[in-house]
Structures are given as C-alpha cells and as structure tokens.
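Just below is one structure, and these are the notes that go with it.
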Amino acid sequence: KASVIPDAASINLWNERYRKDLSVLQPGCKCHSCANNYTKSYIHHLLKSRELLADVLLYQHNQH
C-alpha cells in the first residue's frame, strides 16, 4: 500500500481522488519529493503505471 503520513494521517495515493490533485505531498515539507514539486497526481500516475519511482519518492518523503 502506497501511503504518505502527513501529520500522523495516512492518505492512499492509489485512490482516484488524487488523479488531478496538483498539490505536493505535504505543504512546507523540505524532503526531495516535496521540494522538487512532485505532485500527488504525478505520484498517483506513477503508482498506477507500476513505476519504481513512486516508491522512491514516497520513501524519501516518509523518511524525512
């Protein structure tokens, strides 16, 4: 399950509601994924396409 933990609340980026969400994973976050403006919609697309980059971006965010 690909999820992000912003402020202790988990979101599921596999959900279609993120298909057009142009916001970053967590506003104000300075991790590589957020600082480089990777959006929820882009990561949603990567997940649906089974791209490894989705896991890398989520890992970087969750470990920051």
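Note that the coordinates shown come from a computational prediction; the quantities given were computed from them, not determined experimentally.
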**Study point:** With Y18 via ring-ring contact (aromatic ring centres under 6.0 Å, His included) - residues at least two apart
**Key:**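 Here no residue qualifies.
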Practice item. Only counting residues at least two apart or in another chain, list the ones meeting side chain to side chain contact (heavy atoms under 4.5 Å, CB included) with N36. Key: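 Side chain to side chain contact (heavy atoms under 4.5 Å, CB included) check on N36 returns H32, Y38.
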Exercise for review: Could you pull out all residues at least two apart from Q63 that satisfy side chain to side chain contact (heavy atoms under 4.5 Å, CB included)?
Suggested key: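 Scan of Q63 (side chain to side chain contact (heavy atoms under 4.5 Å, CB included), adjacent residues dropped) gives Y59.
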Point to revise | Counterpart residues, salt bridge (charged side-chain N to carboxylate O under 4.0 Å, His left out), relative to R17 (two or more places apart) | key: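 Expected list: none.
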Can you list the residues that meet the side chain to side chain donor-acceptor pair (under 3.5 Å) rule with [X], with sequence neighbours excluded?
X   : answer
N15 : none
S23 : D21, K40
H64 : none

Exercise for review: Begin from the C-alpha positions of L13 and L25 and carry the test side chain to side chain contact (heavy atoms under 4.5 Å, CB included) through to its verdict.
Suggested key: CA-CA 10 Å; L13 289 172; L25 296 173; 3.7 Å; yes
**Study point:** Distance (rounded to the nearest 0.5 Å) between K20 NZ and T39 OG1
**Key:**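 Result: 13.5 Å between the selected atoms.
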**Study point:** Distance in Å, S41 OG paired with R19 CZ, rounded so as to fall on 0.5 Å steps
**Key:**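 It is 10.0 Å, given to the nearest 0.5 Å.
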Point to revise | Nearest non-hydrogen partners of C31 and H61, listed with the distance | key: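 Smallest heavy-atom distance, with atoms named: SG-ND1, 3.3 Å.
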Practice item. Grab the two heavy atoms, one from C29 and one from C34, that are nearest each other, plus how far apart they are. Key: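 Of all heavy-atom pairs spanning C29 and C34, the closest is O-CB, 3.5 Å.
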Practice item. Taking the side chain as every heavy atom from C-beta outward, state whether Y42 and L53 have any pair of such atoms under 4.5 Å apart. Key: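 Yes, their side chains come closer than 4.5 Å.
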Check your understanding: Within the distance-only criterion (no hydrogens, no angle test), does the side chain of S33 pair as donor or acceptor with the backbone N or O of L57 below 3.5 angstrom?
Key ->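 Such a contact is found between S33 side chain and L57 backbone.
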Point to revise | Inter- and intrachain pairs under salt bridge (charged side-chain N to carboxylate O under 4.0 Å, His left out), touching residues 42-54, at least two apart | key: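 Only E16-K48 qualify under salt bridge (charged side-chain N to carboxylate O under 4.0 Å, His left out).
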